[in-house]
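Below is one structure; the comments refer to it alone.
In what follows, chains are A, B, ... by sequence order, proteins preceding strands, each numbered from 1. Everything numeric in this text was worked out from a predicted model, so none of it was measured.
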Amino acid sequence: MAHDSVQLPCDGDGACMRCKVTPLAEETLTCSTCATPWHVACLASPPETLASTLQWQCPDCSGDPLPSAAGALDGTSSELFAAIRAIESDESLTEKEKARKRQELVSGRVEEDGDKEKKGKEKESSFLDVLDGSLNCSFCMQLPDRPVTTPCGHNFCLKCFQKWIGQGKRTCAKCRSTIPPKMASQPRINSTLVSVIRMAKLSKSNVAAGPMKVYHFVQNQDRPDKAFTTERAQKPGKANAASGKIFVTVPPDHFGPITAENDPARNQGVLVGECWEDRLECRQWGAHLPHVAGIAGQSNYGAQSVALSGGYEDDEDHGEWFLYTGSGGRDLSGNKRTNKEQSFDQKFEKMNEALRVSCKMGYPVRVVRSHKEKRSSYAPEKGVRYDGIYRIEKCWRKVGIQGFKVCRYLFVRCDNEPAPWTSDDHGDLPRPLPAIPELKKATDVFERKESPSWDFDEEDNRWRWKKPPPPSKRPVNAADLEDRKRARKAIRQAHTTTVRERLLKEFSCLICRQVMNLPVTTPCAHNFCKSCFEAAFSGKTAIRERSKGGRTLRSQKNVLHCPSCPTDISDFLQNLQVNRELMGVIESLKQKSEENQDAVEELSEEQVDESEENADIGSGDSETAQKTKNPDPKDDLQNPPPDSDQKRTSKRMKVDTTQVVADGE
DNA sequence: ATGTATATTCAT
DNA sequence: ATGAATATACAT
């Protein structure tokens, strides 16, 4: 640990046992598990977001002393922070009252703004009561939908705010402060507030549905350590950077979400809401590979991802859907990398054609938004953010703002996780296409005729591959391949280790402590290797005496004790039988463990590729993966079932030994 | 193979 | 503002 490792909670008097100061209430954090108060300033890794604050566990309970990263909260957030903690630590409420308040939360309203259909009259939740309505949008008096926050610290729904601005108003509807032109023209969604509202709903569903629902939505505290860059890249900063290692194991032409199976580094996949510093770092996690270009794709195959970076002024972002402009049409001769001036028409070729193919096939297209997109309220404040899967529903050409033709694409979100800007507790549902006025003047309109590859499954209630994704045409580079092999090997070895451990634990000889060879089970139900057992009685066996025959036999017989207990097992010794049932179990377990080992060693590169492609089919939906996966026996080795088999066998073993014991007696 | 385009990034 | 390094796709 790089930081000071001493971490102590507050004592009975509320004083921090580390700095001896009694912190203010706002500086105290209570562990969600053990309810111990801690001084925030003395924590090695204080929670960085409000969401993580609510569920914060103290170092003792989490056992997870992550290095600290500065996570300064702005003024608005601090208010919220205090308000939320007020709910948490409201001592005027008994547990019963808290439960009742929670119940009210459960029955609280579902937030919908005026533009959508109201879902009946819903009463204010206790969450709002506690916050004193301070978060509410002053226009619709509801928790803000797509919240935006003015510099004067007042919150509104994006749509309410835009309506207000649209009426020519330039003062805050709540305090009459002047709204800066930038805020008026480019309101940005307050992601902290999104988290707060989402969290309120979480705590709601938490009470209603028992276990906390896990949302696959990340804030930056969940990000891994700084992405790797090559030595070369580190010298002059990120200019002239080599791209650095790609952490995920998807081929470059992989369509759809990047799932945990393809994330050996974190076993998590690329989650909606994940942010990166820049395009290079984004590339390292596979969300959008091109370092410069906005479209990733191949003209004869399809487009896998796009970046909304504000490079084309015709772009129009509505969050769940947007109008995207194709690339090209600009003279970039020389070493220019930016030239906003369009000097010729765009055509459906190269990347623009790749997008059209994805439209035609209904492929899932990953979307990242860059902070450079200044005109969109949905762009992140900084860096590049993964916003999930979209489909291209239509494309066409029109005359762009600069007078030359541009390719146009209607992107509509279709992800199973909620977008980073909504506080919804569910992903996208199929929605009607928006009306596009510019389509009236469009040429070369193209609409998908066939059924889309990625579509909503009404039974599963989620988006998934309805047709197999196109097979990867791109070889995976050797380094990646090695990574993948290593990752798989590690997983399998973890499994074989547990098999071994179980073998040792349940089937070890009480004498040599090894897995039994030719197991014998005594009437007193102790198990040994036959050889160990016999060796324990070498020179003492009664067998020889017996072979002499005669009446004195019984009286001559020695009393021989079981090596593990005082039971006389001399009779058993005289007719020593290997427990063949038990031996069978042990043999099969040993074999299984060895097969797994062999599988690790024998797996050729082709086989890795093959299984990787199979895994691709279900990416974004593990259940689908199961359904569509080839019934290749190797798959079983690669994804061994959980240890249900083992439990069964070990149970059977117990029955068997009882049988043996009964027989013996 | 070689050259060029591309919605980047950083230094000069 | 402008140039250089960089990776991918695609044309030559």
Nearest-nucleotide 5' precedence on DNA chain B, A/Arg279 against A/Phe344: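 Here A/Phe344 is the residue nearer the 5' end.
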Starting from [atom2] on [N], measure out to [atom1] on [X] and report it in whole angstrom.
| X | N | atom1 | atom2 | result |
| --- | --- | --- | --- | --- |
| A/Gln346 | B/dA5 | CD | P | 15 Å |
| A/Trp276 | B/dA7 | CH2 | P | 20 Å |
| A/Glu353 | C/dA9 | CD | C1' | 14 Å |
| A/Asp278 | B/dA7 | CG | C1' | 14 Å |
| A/Gln284 | C/dA7 | CD | P | 12 Å |
| A/Asn352 | B/dA5 | CG | C1' | 12 Å |
| A/Asp314 | B/dA7 | CG | C1' | 13 Å |
| A/His288 | B/dT8 | NE2 | C1' | 11 Å |

Pairing nucleotide - C/dA11, Watson-Crick or G-U, each distance under 3.5 Å: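 For C/dA11, the partner nucleotide comes out as B/dT2, under the 3.5 Å rule.
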Nucleotide opposite B/dA7 in a Watson-Crick or G-U pair, distances under 3.5 Å: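 The answer is none; no pair meets the criterion.
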Check every atom of [options] against the side chain of [X] and return the nucleotide holding the closest atom.
| X | options | answer |
| --- | --- | --- |
| A/Gln298 | C/dT8, C/dA9, B/dT9 | C/dA9 |
| A/Tyr312 | B/dA7, C/dA9, C/dT8 | B/dA7 |
| A/Ala293 | B/dA7, B/dT6, C/dT8 | B/dT6 |
| A/Lys350 | C/dA7, C/dA11, B/dT6 | C/dA11 |

Qualifying residue for salt bridge (charged side-chain N to carboxylate O under 4.0 Å, His left out) with A/Glu274, from A/Arg266, A/Arg369, A/Arg385: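 By the salt bridge (charged side-chain N to carboxylate O under 4.0 Å, His left out) criterion, A/Glu274 pairs with just one of A/Arg266, A/Arg369, A/Arg385: A/Arg266.
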Touch class at under 4.0 angstrom, heavy-atom based, for A/Leu308 against every strand present: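 Base contact.
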Sugar-phosphate only, base, or nothing, as touched by A/Thr325 at under 4.0 Å among non-hydrogen atoms: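 Touches a base.
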Mutual orientation of the aromatic rings belonging to A/Phe255 and A/Tyr363 [parallel < 30°, tilted 30-60°, perpendicular > 60°]: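 Tilted.
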Base of C/dA9 paired with side chain of A/Tyr301 (donor-acceptor, under 3.5 Å):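 For A/Tyr301, whose side chain was compared with the base of C/dA9, there is no donor-acceptor pair (under 3.5 Å).
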Test item: A/Trp276 side-chain N/O and A/Trp285 main-chain N/O as donor-acceptor pair under 3.5 Å: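 Such a contact is absent between A/Trp276 side chain and A/Trp285 backbone.
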Spacing of A/Trp321 atom CH2 and A/Leu410 atom CG [to the nearest 0.5 Å]: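 Output value for this atom pair is 7.0 Å.
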Polar contact flag, side-chain donor to acceptor under 3.5 angstrom, A/Thr178-A/Arg170: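 Checked: A/Thr178/A/Arg170 side chains show no N/O donor-acceptor pair below 3.5 Å.
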Distance below 4.0 Å between A/Lys372 side-chain N/O and B/dT9 OP1 or OP2: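 Indeed, a polar side-chain atom of A/Lys372 lies that close.
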